[in-house]
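To start, the structure under review is shown below, and the notes come after it.
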Number of protein chains: 4
Amino acid sequence: MSNQERIDIQEQGPEPVYGAGVWHFATYVDRYATDGYGEPRTILDAIKLAGAVGDLSVLDLNWPFPPGGISTAEVREALAEQNLRAIALTPEFYTGRFAKGGFTNPDPAVRRQAIDLVAASAEVGRELGVDYIKIWPGQDGYDYPFQADYTDLWGKSVDALRELAQSFPDLNFAIEYKPREPRNRMVFSSVARTLLAIQDMGVDNVGVLLDFGHSLYGGETPAEAARMAIARDKLFAIDVNDNFRGWDDDMVVGSVHLLETFEFFFALHDAGWQGVWQLDQFPFREDPVEAARTGIRTMRAFHRALGYLDRSELAAAQAAQDALGAQRIAKRALFRALAESESE
Amino acid sequence: MSNQERIDIQEQGPEPVYGAGVWHFATYVDRYATDGYGEPRTILDAIKLAGAVGDLSVLDLNWPFPPGGISTAEVREALAEQNLRAIALTPEFYTGRFAKGGFTNPDPAVRRQAIDLVAASAEVGRELGVDYIKIWPGQDGYDYPFQADYTDLWGKSVDALRELAQSFPDLNFAIEYKPREPRNRMVFSSVARTLLAIQDMGVDNVGVLLDFGHSLYGGETPAEAARMAIARDKLFAIDVNDNFRGWDDDMVVGSVHLLETFEFFFALHDAGWQGVWQLDQFPFREDPVEAARTGIRTMRAFHRALGYLDRSELAAAQAAQDALGAQRIAKRALFRALAESESE
Amino acid sequence: MSNQERIDIQEQGPEPVYGAGVWHFATYVDRYATDGYGEPRTILDAIKLAGAVGDLSVLDLNWPFPPGGISTAEVREALAEQNLRAIALTPEFYTGRFAKGGFTNPDPAVRRQAIDLVAASAEVGRELGVDYIKIWPGQDGYDYPFQADYTDLWGKSVDALRELAQSFPDLNFAIEYKPREPRNRMVFSSVARTLLAIQDMGVDNVGVLLDFGHSLYGGETPAEAARMAIARDKLFAIDVNDNFRGWDDDMVVGSVHLLETFEFFFALHDAGWQGVWQLDQFPFREDPVEAARTGIRTMRAFHRALGYLDRSELAAAQAAQDALGAQRIAKRALFRALAESESE
Amino acid sequence: MSNQERIDIQEQGPEPVYGAGVWHFATYVDRYATDGYGEPRTILDAIKLAGAVGDLSVLDLNWPFPPGGISTAEVREALAEQNLRAIALTPEFYTGRFAKGGFTNPDPAVRRQAIDLVAASAEVGRELGVDYIKIWPGQDGYDYPFQADYTDLWGKSVDALRELAQSFPDLNFAIEYKPREPRNRMVFSSVARTLLAIQDMGVDNVGVLLDFGHSLYGGETPAEAARMAIARDKLFAIDVNDNFRGWDDDMVVGSVHLLETFEFFFALHDAGWQGVWQLDQFPFREDPVEAARTGIRTMRAFHRALGYLDRSELAAAQAAQDALGAQRIAKRALFRALAESESE
């Protein structure tokens, strides 16, 4: 039997479920284009656009539902219309009033507001039947040398999450770590730090959301980070996108790091991880529906490539740390799938 | 005569003029805190805060004056009340409508809008008697591999600036280069690229605004970049701030890179450069007046340190590329001045 | 009582013990200057130079003693002559034969050689009465996407160290983590990963050696990393140096990041950490004795600055996350001490 | 006519000439594995290995021929036996004696030695009929803030090259710029700086050697840098390899940045650039013949992809700065060629 035949008959398993953060379909501002990259969209508009993609099954939703004043019922209906489900809620405890921190805010009253806001989102999440509450403490960190007492930031972060996890034992909380932005340095900055913090919490329902791009520009190898979280049963969710390794550019999946993104999905698949393959792209200047379709087309090619991958050959090459050999095996599968995908 | 006495009698020259970008006194949004880090301020509010600093003499002003609907007369009056002068205008051709570029916008109509907006700012600049029009083509660049025809971007940038420079031969235009943000890659990304572009323009009234932080996180040595621009008579202006070398953090001057900032001012002074020592800080979460005072206090210490610096010793150490010796000489002057400054 | 008086009466505690890696006094090769930056030196030559510094009390020694063929007795005598003590041994299981890994070598025989070499160094360490065996698995990692099975690398690293720790229960082992170099990616790449690995080992006598420069260019805040290791009672040793935040430049302490290095020593001191303040500089082109003296002079200034630091003011500023306030307090103490130090 | 047919009938032109730096086939040392990654090889050994690759036509040769004592005649014969030609010589004025600089050495005698060594290599180059002398002033730069007088370094670099260029008007000199390593900062650090320096030299026979990896980790877009050098008729040669964007890892071509490397070759081809496609890989732990074959296989796929690329579609997408569209067109061609290449 030839090599080619052997890899043809591999089982790549059922197609994954594809998802996205609903903000993928929003418009954005930054500190320069304060008037926005495009007209504002409500979450209902964004859900409609997500539905137009055609391959998305689930969404992670900002909460309170942007721009405010939108009911859970309206959102539920909008999702139903598009045949979408809410996989997660992302409580926005990183807006202006939390500028100096959410869980770590020096003002106890603001800190309490942050915890309460997450708790309120958890109530809504229950209603919507989400899989997890996404915890991204975007303002929890510091900007200057000497500004912060690191032990204090750590303790406050751990305590807040423990409290939330214990208050909602039926729900999962997934911490999305990120090295920086909007703070110059953030508390949950790497997979290993986040795993240590979760240990300190001493609860079972807190895990990690691994954002490929955060991992990449944080200097990790995303596939390795995924293995580490899975080994501790703490990989609750993933997000994918791409960047130039210096910042969270949130580019379309596979636009720069094809091989490393494929390696990431291989790590998930190889470990039997079953979650959603989820986009966290920010198409500032691109059509969001097209950007999502492009990302999904590439993810679908990764999935197909997993079927072409000769696992025993790869295992042998990796056991010998044969870089050229292992790369060739991975590339053969990947390029075949990508070529098929792009010519369709 | 002792070392100490020798350095005491050095001439450090007259105190420099201190300035700031007026946006130092604004509030900001980013893609997360879309509701803003603090209440919005008009340029008139910001000018008032700038006046409260006490040591600022000049401002670089965004134009159209934020948030719009403010007349030149109102601004002139606000400046006069605070005993401030407009050293420059910064035309905002990097807002939402210019998302895909100002000078390099693929749509000729939008490109023309960008040029016209700068031209209009130049008219206002003439009225206010500014020293230069600051050109920061923030949206001119690209985000993805293969997205752009680099030759085309370059040509459009050069042509637009040549046209403007020829239309306003009595005014100076200072290009503020920056490696990235908001675009993943920008056309005017380094001092050397900018100098080459200025050559291609073939005009005399376009130069460089060197932002210390942009240079630093762009991988340059700012003092070396300054020397290069000065050697070609093209250093029209400078901005200072600080960062962690990975992004344009726009932190307070001297909060991280004391020695390299001092080296930068030494390079300016040593070359006889006479311009304004200008702040471009973004105090997202800090009091802007305090942030400006802190930056100026540190710059004043640099100026004092220039008086303490034993130039002949330093020249000898540098001629031998004696790193330890040169650092010691620079540190002796710098630490003395900083200690005096902080204990005042 | 004035501010000044209050900070004058602070207790900064006894002078720390200063140490260095003996390689500080070696000469180096790299892939270009294959003939070396200077004439080769034996470890006996290097010990003599270390003695000439005058302020060093302890050394971390490469083993087998370079360039080979030097006995423990000879080294002991050389140390005694210079009034120095061996604080640690660094077994060199990162030479050519370990190119594809020490603990993680794909060849079981080579892996065994690595473990045996460390074990042999431990025997010598016992003889010399060292405080710890330094474990720097420089070749344990990978270079290419897809090259390695990360779970396997992790397991082999953990197992090897557990075996060694159990074989030498009377000794301590300190893992020096490093993001990269000589491998493109290394197994023990961050403080948090290393702490997780130590947990997996399930032994008490393995801890962390935190190299300031590794932490810095790895994207950590070294002071924060130190707090994290101390909080788990795992900070066995530290090394200091400096770099430009992109690579392990091993420059002289304080030549770039004065404030962050001071913050690092503050974190150690504030937590009551009592270890040696140790240099890991590589003066490729500088006089090693002068480089060591410069590093120690700066460390001594940090120690003095700790005495000047108004801790209650700082604690209050940090509790408010007042960046400008906290920096000012730290700078006042630091600059005073540095100025005194440099004018001595 | 379908899209597919249209792109099938494109002309991709004749196969390029493939080359390599002969050091690709050497073994290496670094500051840790001082005993080397493998047994030393003479340049004659290395030439034999280069011949074994099968697809190489030309080599760039270190001079004096390593490890010394090898005659030009011996090298000429070794090349002839392998059917190889010397395209360039690389004079090694970056060894130990040049630790503090070649052209910029503070000692005039050492500076003269550097110039003389390059001149001597030029004589040998003439004999061998090379296309250019490669100038890589690896030790010309600085390591510490304040160490160097930048104007002086610049002047000495420019003067030395002008002198050499004028002494050998019949030869070309190609400067290989690099941001850092072995110095922390190097004089010829970017394409734009190098082009400015070449202007200052005022000679016609000095140009740029653009190393893809140097450009990439220097923060440039290599395709854009190539365009800039070509636009000034100064792109004398190129080298390719890959890295993780933080250091000169000299990995095998296409092991990380497939799309950007393809874009680089597209930029060359589109501009009608006719030079050699040359490898500068350092296979520290890999078989050098296999590493070269892998690099060439990928380059051959790039060449084939250029034939598949629909240029008018791409031009239209780029004219609109349509990132998703342009990427899709490029990927369609690239993936098809890569898939064919890997399945051969």
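The shown structure was predicted, so the numbers you read here are calculated from the model rather than taken from an experiment. Every chain is numbered from 1, with letters handed out A, B, ... down the list of sequences.
- Judged by distance alone, with hydrogens and angles left aside, the side-chain atoms of B:Q327 form no donor-acceptor pair with the main-chain N or O of D:Q147 at under 3.5 Å.
- No more than 12 heavy atoms of other residues, nucleotides or ligands sit less than 6.0 Å from atom CG of D:D204.
- A 4.5 Å side-chain heavy-atom check between B:R227 and D:W154 finds every atom pair outside the cut-off.
- Interatomic distance, B:S190 OG to D:E220 CD, rounded to the nearest 0.5 Å: 7.5 Å.
- Side chains of D:Y150 and B:E263: a donor-acceptor N/O pair is present below 3.5 angstrom, by distance only.
- Within the 4.5 angstrom heavy-atom criterion, no atom of D:L324 approaches chain B.
- Only the side chain of B:R185 comes within contact range of chain D, with at least one heavy atom under 4.5 Å from a heavy atom of that chain.
- When heavy atoms are compared at a cutoff of 4.5 Å, B:D322 approaches chain D solely by way of its backbone atoms N, CA, C and O.
- Of the atoms belonging to B:I329, not a single heavy atom falls under 4.5 Å from chain D.
- Proximity to chain D is absent for every atom of B:I230, based on heavy atoms less than 4.5 angstrom apart.
- Only the side chain of B:F266 comes within contact range of chain D, judged by heavy atoms closer than 4.5 Å.
- When all heavy atoms are compared, the tightest approach of B:A192 to D:A192 is CB-CB, 3.5 Å.
- Ranked by non-hydrogen atom pairs under 4.5 Å with chain B, the options D:G219, D:A148, D:A326 are led by D:A148.
- The heavy-atom pair separating D:Q321 from B:K100 by the smallest distance is O-NZ, 3.1 Å.
- Interface remark: B:R180 contributes no atoms to any contact with chain D (heavy atom separation under 4.5 Å).
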*Yes or no on side chain to side chain contact (heavy atoms under 4.5 Å, CB included) for B:Q318 and D:D152, after CA distance, side-chain angles and deciding distance?*
CA-CA 9 Å; B:Q318 291 189 337; D:D152 179 55; over 6 Å; no
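- Using a 4.5 Å cut-off between heavy atoms, B:A223 touches chain D through backbone and side chain atoms alike.
- Contacts between B:A231 and chain D at a heavy-atom distance below 4.5 Å are absent for every atom of the residue.
- Contact annotation: the side chain of D:R232 approaches that of B:L196 to within less than 4.5 Å [non-hydrogen atoms, C-beta and beyond].
- The contact between B:D200 and chain D is made entirely by side chain atoms (from C-beta outward), counting heavy-atom distances below 4.5 Å.
- Heavy atoms only, all atoms of each residue included: D:P106 and B:A319 are closest at CB-O, 3.1 Å.
- Ranked by heavy-atom pairs under 4.5 Å with chain D, the first of B:T221, B:L259, B:D143, B:T104 is B:T221.
- Here the CG atom belonging to D:L314 is positioned 9.0 Å from the CG atom belonging to B:D149, to the nearest 0.5 angstrom.
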